[in-house]
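Just so we're clear, the structure is a prediction, and the values are computed from it rather than from any experiment. One-based numbering, in listed order, for ligands and for the atoms of each. Side-chain atoms are counted along with the backbone in the values below, which use heavy atoms only and exclude waters and symmetry mates.
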Amino acid sequence: MKDLTIDNITDNVHIINSRCPDVRLRFLLERLVVRLHDFTRETRLSIPEWQAALEFIKQVGQVSSDVRHEFILLSDVLGLSLLVDSIDHPKPDGATGGTVLGPFHTHEAENKAAGESISADQDSNRCLWPVDGVKVDVWETDSKGFYDVQYNNRSGPDGRGVLVSDADGCFHFKAIVPVPYPIPDDGPVGKLLCKLNRHPYRPSHMHFRFHKPGFGQLITALYVRGSKYETSDAVFGVRQSLIVDITKVADEEGWADKYGVESSTALLRYDFVLLTEEESNKLREEKARDEAERQGGCELRMGFWSRSRR
Ligand SMILES: [Fe+2]
């Protein structure tokens, strides 16, 4: 097409992109271009605003590294991460809900034996976490609110570990009682929050990621009840079902001896409920079909089937 205008540029981009053989990619790009162009027309976007947006994205890339995931942070503070997880990991009643992965998961956590501590931090309350579940990758900040990867002089992984459940599906480990902390706010995402008059804090929480062949992925976190920012999490990760009470080991008869800790040790326990991979896939496809139905029965155009075959 020639003589492209405000009104016909969108259709032209669709025509050019329509040669893409990947149905799902074609659909994603089509919808992205529609939303992007509509946003631009609706807001009457100016050149300086467009340039500021591109400069912002450039800065997000420049500050990113293997240990600083500013794009995940951006996705988190815009509510996108929670939205994607909710869509891609739908959960029926009774299954543990997911939440944001966040930018601080790493693949370097060491394997821990049952009852071992994941944290070398001596400055905080120790906490015993017996957890009914399967296999878990767990990570948290130190008592000052920093993840290990945020220290330039760190000597290795800390505040994180990988545990394997026992035959009863149980596992436990020692950690520190989580504290609230600000997401890194010295980069472009922090500046954006400041402009939006938003604070950068997350309520006290610990992250969990479950792996087990045959089970759907669960990325979640537990939030300490009553923590500051419980209702204003900067990344929208809190779910009511993931808020937990911290009690004392003394509340459970014989546990101090059983787990080899002082009875005054803080205790957090939680039953995680995983879906099988089959249940998880079935539910995801049901929800996708519902959405396709809502959009007028366009499953094939949306590429759901090519997607599920990947
Ligand atoms: Fe976190």
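- Between the side chains of T99 and T220, no donor-acceptor pair of N or O atoms lies under 3.5 Å.
- Side chains of S280 and H89: a donor-acceptor N/O pair is absent below 3.5 angstrom, by distance only.
- For Y181 atom OH and Y147 atom OH, the angle they make at the Fe ion (ligand 1) is roughly 100°, to 10 degrees.
- Within the coordination shell of the Fe ion (ligand 1), defined by N, O or S atoms under 2.8 Å, M206 is absent.
- When ring centroids are compared, F215 and F210 stay outside the 6.0 Å threshold.
- Taking 2.8 Å as the criterion, T141 does not count as a coordinating residue of the Fe ion (ligand 1), since none of its N, O or S atoms falls below it.
- H207 contributes NE2 as its N, O or S atom closest to the Fe ion (ligand 1).
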Please evaluate residues E49 and S46 with respect to the criterion side chain to side chain donor-acceptor pair (under 3.5 Å), reporting the C-alpha separation (whole Å), side-chain torsions for both, the decisive distance (0.1 Å), and the verdict. CA-CA 5 Å; E49 288 166 341; S46 70; 3.2 Å; yes
